[in-house]
Amino acid sequence: MFDSLTEKFTGLFKDLSGQGKLSEANIKEASARVRRALLEADVNYKVVKDFAAAVEARALGEDVLTSITPGQKFVKIVYDQMVETLGSVNQPLALSPQPPTVIMVCGLQGSGKTTTCAKLAKHLSKPGRRIMLAAADIYRPAAVQQLEILSKQVGCDFFKLDSTDVAQICQEAKQEAVKKLIDVLILDTAGRLHIDTEMMAELERVQKTVKPQEILLVVDGMTGQDAVNIATEFSKALPLSGVIMTKLDGDARGGAALSLKVISGQPIKFIGVGEKLSALEEFHPSRVASRILGMGDVVGLVEKAQNVFDEKQAGKLEEKLRQQSFTLEDFAGQMKQMKKMGSLSDIMKMLPGGMSLPQDAAIDDKALGTIEAIISSMTPQERQKPQILNGSRKRRIALGSGTSVQQVNQLLNQFEMSQRMMKQMMNSKGRGFKMPRGF
Ligand SMILES: Nc1nc2c(ncn2[C@@H]2O[C@H](COP(=O)(O)OP(=O)(O)OP(=O)(O)O)[C@@H](O)[C@H]2O)c(=O)[nH]1
Ligand SMILES: [Mg+2]
C-alpha cells in the first residue's frame with residue numbers, strides 16, 4: 001500500500017546508516033530526500049513542507065551530529081514525526097454504555113460505504129453482542145438488497161423499510177434496535193456523485209433525528225488528494241467522528257492517508273485493504289509509520305496470526321515441539337496456516353526489514369505448492385524421520401513430485417531451520433515475542 005514510499009525511505013536510511021558521522025549538509029540533504037519522497041507519494045504540499053522542516057529542525061537541534069549512531073537517530077526523528085502526522089494514537093469507536101450505539105456511515109458514491117458497513121459489523125461482532133445493519137440508501141435500486149446479502153454473510157440482523165424518508169427509516173431502525181436489544185446499529189446511507197446540498201441536508205436530518213454516537217465518513221484512498229478535500233468538506237457540514245479510508249490495497253500512493261489528519265482535522269479510524277469482509281484494519285499511527293518506514297509491523301502480524309491460527313492446534317504444536325517431535329507433516333500444516341494469513345509477500349512486508357529482502361530470498365506463493373507436493377510424495381515413515389532420506393529416496397521423491405533432488409534438499413534445510421526457529425521462539429516465551437534473525 002505504501003510500497004514506493006517504503007522503498008524510498010529504506011534507501012535513504014540505508015545510505016545514512018552507512019555513514020559514520022553526519023554533517024549539517026548530510027542532514028539537509030536527507031530532509032530534502034524526505035520531502036521529495038513525500039511529494040512523490042502525493043502527500044499534501046503543506047503537510048510535506050511542515051514535515052520536512054520539523055524533521056530538519058529536530059535533527060539539527062538534537063545531538064544527531066555528535067551521536068554515535070546518527071543514522072538511527074535520524075530514523076527515530078522521522079518515525080516520531082510520521083506518527084504525529086498520522087494522528088499519534090488510534091481513536092477507537094465510541095461504543096455507548098447504553099445500547100444501541102448508532103454508527104452512521106456516509107460518503108460519496110462508490111467510496112465503499114456499504115462494504116465498509118458490513119466489514120464494521122464483522123469487526124465488531126463477538127459472542128453476546130448483537131449487531132444490526134440498516135439500509136438507508138433508497139436511491140440505488142439494488143442497494144438495499146446488497147446490504148441484505150452482506151448481513152447474511154456476516155450473520156447479523158438486518159433492517160429495511162419501504163419509505164422515501166431516510167430520516168424516518170433511520171429512526172424506525174433505531175426503535176427496532178431498542179426493541180430487539182441490539183448493541184450496535186450501523187446505518188448505510190446513500191452517496192452522491194459530488195457533495196451537494198441535498199445530500200448534506202439529508203445526512204443532517206438523519207443526524208439530528210437519531211443522534212448517532214459515531215458519524216464515520218468513508219473515502220476512497222485511490223482518489224488521493226480528493227479524499228482529503230472531501231473529508232474537509234464533510235467535516236464542515238457534519239459533526240464527523242472519524243474517517244475510514246478504503247481501497248488502500250490498490251496502487252494508492254498513500255499520500256491521502258498521510259495528509260488527512262493534518263488537513264481535515266479528522267482521525268482515520270480504520271482502513272479498508274481489500275474487497276473481502278475481513279479486509280478492515282484498525283488504524284494505528286505507530287504501526288502504519290513502522291510499515292511505511294520499512295520497520296515492519298510485528299504487532300499487526302501477531303494479531304493477524306492470532307485470528308488465523310486456532311489455539312488448539314497451536315497448543316498441540318507446542319507440545320510436539322517440547323517433545324521434539326515436530327515432523328515434516330506438521331511443517332506442511334504450518335505452511336498451510338501461513339497461507340491463510342494472506343499472500344506471503346504481504347506477510348513479508350509486515351516483518352522488520354521485509355521490504356528490503358532481495359527478490360530471490362523471499363518465499364513466493366508458488367513455492368508453497370512445491371513444498372506440499374514434495375512432502376506428499378514421502379512415505380509416512382520418511383515424514384516422521386527425514387534423516388533416513390538417502391540419495392535414492394530423494395531421487396524417488398523428486399520424481400514423484402515433479403521436482404529436483406536439489407529442491408528436496410532445499411526443503412529439508414528449510415524444515416531444519418524452521419525447527420530451530422520454533423525452538424528459539426519457545427525459549428523466548430514469557431520474555432515477549434521475539435523474531436528470530438534472518439526469518
Ligand atoms: N480493493 C478494494 N475494494 C473495495 C474496498 N472497499 C470497497 N471496495 C469495492 O468498491 C466497490 C464499491 O463498494 P460499495 O461498498 O458498494 O460502495 P458504496 O459507497 O456503498 O457505493 P454506493 O452505494 O453506490 O454509493 C465494490 O466493488 C467494493 O468491493 C477496499 O478496501 N478495497
Ligand atoms: Mg452503498
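All ligand and atom numbering here is 1-based and tracks the order in the structure.
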Exercise. Can you tell which part of M245 has a heavy atom less than 4.0 Å from ligand 1: side chain, backbone, both or neither?
Worked result: neither

Problem set entry | Charged tip of R58 within 45° of F74 ring normal and under 6.0 Å | no

Problem set entry | Heavy atom of the protein closest to atom 31 (O) of ligand 1 (residue, atom name, distance) | K247 N, 3.0 Å

Exercise. What's the shortest distance from atom 16 (O) of ligand 1 to any protein heavy atom, and which residue and atom give it?
Worked result: Q146 NE2, 3.1 Å

Exercise. So which heavy atom in the protein is nearest atom 12 (C) of ligand 1, and how far is it from that ligand atom?
Worked result: G110 O, 3.9 Å

Exercise. With backbone taken as N, CA, C and O and side chain as the heavy atoms from C-beta onward, which portion of D137 lies under 4.0 Å from ligand 1: side chain, backbone, both, or neither?
Worked result: side chain

Problem set entry | Nearest neighbour of atom 3 (N) of ligand 1 from the list E281, E275, R192, R140, on a heavy-atom basis | E275

Exercise. Does atom NZ of K174 have more than 12 heavy-atom neighbours, drawn from other residues, nucleotides or ligands, at distances under 6.0 Å?
Worked result: yes

Seminar exercise, completed: Residues at least two apart in sequence or cross-chain that pass salt bridge (charged side-chain N to carboxylate O under 4.0 Å, His left out) with E275, listed by chain then number, are none

Problem set entry | Audit row: L133, D188, side-chain contact (heavy atoms from CB on, under 4.5 Å) steps and yes/no | CA-CA 7 Å; L133 287 169; D188 178 30; over 6 Å; no

Exercise. Is the Mg ion (ligand 2) under 2.8 Å from any N, O or S atom of T114?
Worked result: yes

For this session: Begin with the C-alpha distance, continue with both residues' side-chain angles, and end with the deciding distance and a verdict on side chain to side chain donor-acceptor pair (under 3.5 Å) for E214 and S241.
Result: CA-CA 6 Å; E214 287 277 348; S241 55; 2.5 Å; yes

Exercise. Considering distance alone, does some N or O of S111 sit under 3.5 Å from an N or O of ligand 1?
Worked result: yes

Exercise. Can you tell which part of D249 has a heavy atom less than 4.0 Å from ligand 1: side chain, backbone, both or neither?
Worked result: side chain

Exercise. When you check the side-chain N and O atoms of Q168 and S163, is any donor under 3.5 Å from an acceptor?
Worked result: yes

Exercise. Any idea which protein heavy atom is nearest atom 18 (P) of ligand 1, and the distance to it?
Worked result: K113 N, 3.4 Å

Exercise. With respect to atom 5 (C) of ligand 1, which of A118, G274, C117, G191 exhibits the smallest heavy-atom separation?
Worked result: G274

For this session: Evaluate the side-chain proximity of T246 to V218: yes if any heavy-atom separation is below 4.5 Å, no if none is.
Result: yes

Problem set entry | Neighbour count >12 (heavy atoms, 6.0 Å) for atom CG, D162 | no

Seminar exercise, completed: Within 4.0 Å of some non-hydrogen atom of V273, the atoms of ligand 1 are 31 (O)

Problem set entry | Side-chain (S111) to main-chain (G107) donor-acceptor, under 3.5 angstrom | no

Problem set entry | Nearest non-hydrogen protein atom, atom 15 (O) of ligand 1 | T115 OG1, 2.4 Å

Problem set entry | Contact with ligand 1 for A279, non-hydrogen, under 4.0 angstrom | no

Exercise. With distance as the sole criterion, is a donor-acceptor pair present between the side chains of Q109 and R140 under 3.5 Å?
Worked result: no

Exercise. Can G107 be said to touch ligand 1, with heavy atoms closer than 4.0 Å?
Worked result: no

Problem set entry | Over 12 foreign heavy atoms within 6.0 Å of OH, Y45 | no

Exercise. For ligand 1, which atoms have a heavy atom of G272 less than 4.0 angstrom away?
Worked result: 31 (O)

Problem set entry | For T114, the ligand 1 atoms whose distance to one of its heavy atoms is below 4.0 Å | 15 (O), 18 (P), 20 (O), 23 (O)

For this session: Check whether any heavy atom of K119 sits under 4.0 Å from an atom of ligand 1.
Result: yes

Problem set entry | Crowding at CD, Q153 (>12 non-hydrogen neighbours, <6.0 Å) | yes

Exercise. With only distance considered, is G112 within less than 3.5 Å of ligand 1 through an N or O on each side?
Worked result: yes

